[in-house]
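Position 1 is the first residue of the sequence; numbering continues from there.
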Amino acid sequence: MTNNGSDELRVGQALGPYDIDALATETSELENSHLDLGSVLVPVVEGGQVTVEMSETHQPQNVYLVTPIGRISVSAFAAPKSPGMWREVVRELAESLRDGGAATSIEDGHWGREVVAEVEGGTHRFIGVDGPRWLVRCVGSGPSESAEDLARLSRAVLAETVVRRGSEPHPPREPLPIVLPPVLADQVAAAQQQIFAEAEAEAGAASQAQAPAPEVPAADESDGVAGGALDQVAHATVYGENSYTETPAEGGSGGHDDPSVTADPDPEDDAPLPPSSGSAMQRFFRRR
């Protein structure tokens, strides 16, 4: 997170993950290139989708960038002032994944150690970076045949991610709060209402078979949304709990819980939004 001698550290230089307090870039400049989730501002992938996974209590649990080669999530956690928490988490995470039955290895990446788990044709890569009183973690999950491309794309996303730690005290390893953008929060609220309405309608049918989980579009389907973050958030998708196949112990050590109804509102303006700019993802796709 150095500026290579430049007077100003700006998003678009692929020098992240950035601490927001060290950036010359204003957050207003990132409105259409990044998904602002409060504690993290994550660059969207051109042609991808934004999806929200709901927990069993019908609350937002994970936010994903779904791309043609897999899905990516980015989360931030509180950390002590001294660096080195990721090194501890790597050991615990690898052990937890192995205990869950995954073939697990540790590889050297751009920022250091990365944990790679192979399960039933799928590859899950965990990348972590220590920052000033925070740790940011990126998880890329997709088919094994796309693992190398997804690894590069995950690193590109992380290299343009911005962390907003805030001044509130948090114990080490506690997830930093996720705040959904207003448009996305409205879509989640609509999904919650639909879930509750369906539950009430089925309450009297005790013999009725349990409704199947909603289907998730395959990772390699190119049905993403053109344009930048504003367009992708406006066309975000909300899924029920476990709609995705999770990595064993993905919520365990180093995970979101412990780091040791499709919504499509009509936009007021139907004019196409400009594509996200200044992102490493565009350079990634041009190189492919």
Determine whether [X] and [Y] make a side-chain contact, defined as any pair of heavy atoms from C-beta on separated by less than 4.5 Å.
| X | Y | answer |
| --- | --- | --- |
| P132 | D19 | yes |
| R165 | L176 | yes |
| V74 | V136 | yes |
| Y64 | I72 | no |
| L35 | V50 | yes |
| T67 | L153 | yes |
| T27 | V162 | no |

Please evaluate residues I178 and S39 with respect to the criterion side-chain contact (heavy atoms from CB on, under 4.5 Å), reporting the C-alpha separation (whole Å), side-chain torsions for both, the decisive distance (0.1 Å), and the verdict. CA-CA 6 Å; I178 290 293; S39 55; 3.8 Å; yes
Hey, which of T161, L30, V163 is the one that makes side-chain contact (heavy atoms from CB on, under 4.5 Å) with L41? L30
With a 4.5 Å cut-off on side-chain heavy-atom distances among I, L, V, M, F, W and Y, is there a chain of contacts connecting [X] to [Y]?
| X | Y | value |
| --- | --- | --- |
| V90 | M85 | yes |
| V116 | W86 | no |
| V63 | V157 | yes |

Set out, in order, the CA-CA distance, both residues' side-chain angles and the distance that settles side-chain contact (heavy atoms from CB on, under 4.5 Å) for H170 and R133, then state yes or no. CA-CA 10 Å; H170 297 280; R133 297 177 60 233; over 6 Å; no
Report all side-chain donor-acceptor pairs from residues 97-106 shorter than 3.5 Å, counting only partners two or more places apart or in another chain.
| residue | atom | partner | partner atom | Å |
| --- | --- | --- | --- | --- |
| T104 | OG1 | A102 | O | 3.2 |

Under a 4.0 Å threshold between the charged nitrogen and the carboxylate oxygen, would D36 count as salt-bridged to R164? yes
Salt-bridge present (E160, R155; N to O < 4.0 Å): no
As an exercise, state the distance from [atom1] of [X] to [atom2] of [Y], rounded to the nearest 0.5 Å.
| X | Y | atom1 | atom2 | value |
| --- | --- | --- | --- | --- |
| L150 | H124 | CG | NE2 | 10.0 Å |
| S154 | R71 | OG | CZ | 11.0 Å |
| L184 | L37 | CG | CG | 7.5 Å |
| T51 | L65 | OG1 | CG | 8.0 Å |
| I69 | R152 | CD1 | CZ | 8.0 Å |
| E26 | I20 | CD | CD1 | 9.0 Å |

Pi-cation contact, F77 with R173 (under 6.0 Å, within 45°): no
Taking [X] for its side chain and [Y] for its backbone only, find out whether a donor-acceptor pair lies under 3.5 Å.
| X | Y | result |
| --- | --- | --- |
| S75 | R137 | no |
| D108 | R113 | no |
| S96 | E92 | no |
| Q232 | V45 | yes |
| S146 | D149 | no |

What residues form a side-chain hydrogen bond (donor to acceptor under 3.5 Å, both in side chains) with E29, not counting sequence neighbours? R10
Quick one: side chain to side chain contact (heavy atoms under 4.5 Å, CB included) partners of E31, sequence neighbours excluded?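 Expected list: L230.
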Evaluate S144 against T123 for side chain to side chain donor-acceptor pair (under 3.5 Å), listing each step before the verdict. CA-CA 5 Å; S144 294; T123 299; 3.1 Å; yes
Under 3.5 Å, is there a donor on one side chain and an acceptor on the other for D130 and W111? no
If you look at every heavy atom in I127 and L158, which pair is closest and at what distance? CG2-CD2, 3.6 Å
